[in-house]
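Heavy-atom basis, side chains included; hydrogens, waters and symmetry copies ignored.
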Amino acid sequence: AAPLPEVRTEPAPVVEPAPIPEPPPELPPVQNLRKVPYEQAGPQDWPEIYLGLGVTGILQSTAANCQLVGRQASEFQFILDDTNSTLYDPSHQGRLADLLSNYFIERCSVKIQQGKVTAETPSMIAQRLKIERQAHAVASIKADPIVLQLIQHFDAVLREESIEPV
């Protein structure tokens, strides 16, 4: 007969819950966005303007990876992140100008130059928020008393890569 497996008689170590961090800010739903007034639109407003444009298709990749660096009257000047410019086409300037014109109900023009961005683009903001949401989801699961009991009782291991934020 095969030998019986050894049974542990010592209690498993007590696992204390980790503090739950505050949830990260989320991008507001598009329908609740403040419309940036044309007269006040500047580089700091680009992420909010971008969300209000409803950009789709390949132009979305270009616009999401742009930083608004300046504005002279009706001309919006952008830097397109060099590392994310493979889908860029010069026609994107005119298409983005049309979207901005529709957004502001004012005729706009756009100048896009490839280069190094110095502030977060809409794409970078979305990526940062995704990482923050993931970190918050992992911290919440690690602090959940039921999960802690399961880990303690079954000597389980939490696979963090399997956790997805909701």
Side-chain angles (χ1 to χ4, degrees), residues 17-147 158-166:
I20 300 175
E22 288 296 311
E26 293 186 13
L27 291 176
V30 173
Q31 65 270 21
N32 294 335
L33 282 178
R34 167 186 76 98
K35 184 170 180 178
V36 177
Y38 176 75
E39 300 77 25
Q40 299 170 8
Q44 72 282 356
D45 301 305
W46 173 235
E48 193 168 11
I49 294 168
Y50 167 81
L51 290 174
L53 294 177
V55 186
T56 60
I58 294 175
L59 181 59
Q60 182 178 16
S61 173
T62 296
N65 287 292
C66 277
Q67 173 191 357
L68 179 59
V69 291
R71 175 179 165 205
Q72 292 182 322
S74 64
E75 182 183 80
F76 289 76
Q77 300 146 355
F78 293 92
I79 297 290
L80 173 59
D81 184 11
D82 266 337
T83 61
N84 292 293
S85 63
T86 55
L87 298 176
Y88 175 69
D89 181 273
S91 69
H92 291 173
Q93 292 181 119
R95 292 174 54 207
L96 184 54
D98 290 343
L99 287 171
L100 287 168
S101 296
N102 289 339
Y103 178 86
F104 290 117
I105 312 174
E106 293 281 343
R107 189 73 202 134
C108 300
S109 63
V110 167
K111 183 177 181 183
I112 298 175
Q113 293 184 318
Q114 294 180 12
K116 182 169 176 52
V117 296
T118 57
E120 281 187 316
T121 64
S123 178
M124 290 172 175
I125 292 169
Q127 184 63 29
R128 176 179 49 80
L129 291 176
K130 180 181 176 184
I131 290 168
E132 289 172 0
R133 286 182 65 226
Q134 177 66 27
H136 183 262
V138 169
S140 294
I141 293 293
K142 282 182 165 182
D144 184 278
I146 294 172
V147 172
L158 181 63
R159 292 182 41 219
E160 291 182 18
E161 69 277 2
S162 68
I163 299 171
E164 294 183 20
V166 288

Under the 3.5 angstrom rule, does the side chain of [X] hit a backbone N or O of [Y] as a donor-acceptor pair?
X: N102; Y: L99; value: no
X: R133; Y: V166; value: yes
X: Y50; Y: T121; value: no

Euclidean distance, [Y] [atom2] relative to [X] [atom1], rounded to 0.5 Å:
X: T86; Y: I58; atom1: OG1; atom2: CD1; result: 9.5 Å
X: I49; Y: Q44; atom1: CD1; atom2: CD; result: 8.0 Å
X: Q93; Y: L80; atom1: CD; atom2: CG; result: 10.0 Å
X: N65; Y: Q60; atom1: CG; atom2: CD; result: 10.0 Å
X: E48; Y: I125; atom1: CD; atom2: CD1; result: 10.5 Å
X: R107; Y: Y38; atom1: CZ; atom2: OH; result: 10.5 Å

Sole candidate of Q67, Q72, R71, K111 that passes side-chain hydrogen bond (donor to acceptor under 3.5 Å, both in side chains) when paired with Q77: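 So the option named by the test is Q72.
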
Show, in sequence, the C-alpha distance, side-chain angles and deciding distance for L100 and E106, and conclude whether the side-chain contact (heavy atoms from CB on, under 4.5 Å) test is met. CA-CA 8 Å; L100 287 168; E106 293 281 343; over 6 Å; no

Should the heavy atoms of other residues, nucleotides or ligands under 6.0 Å from NZ of K35 be counted, would the total exceed 12?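 Yes.
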
Crowded around E164 CD? As in, over 12 foreign heavy atoms under 6.0 Å?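 Result for CD/E164: open.
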
Non-hydrogen side-chain atoms of [X] and [Y] separated by less than 4.5 Å:
X: I112; Y: C66; result: yes
X: D81; Y: M124; result: yes
X: D45; Y: L68; result: no
X: H92; Y: D89; result: yes
X: L96; Y: L53; result: yes

Smallest separation among heavy atoms of [X] and [Y], with atom names:
X: V36; Y: A41; answer: CG1-CA, 3.8 Å
X: A97; Y: C108; answer: CB-O, 3.5 Å
X: P47; Y: P122; answer: CA-CG, 4.2 Å

Return the orientation label for the F76 and F104 ring planes: parallel under 30°, perpendicular over 60°, tilted otherwise.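 Parallel: the ring planes of F76 and F104 meet at under 30°.
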
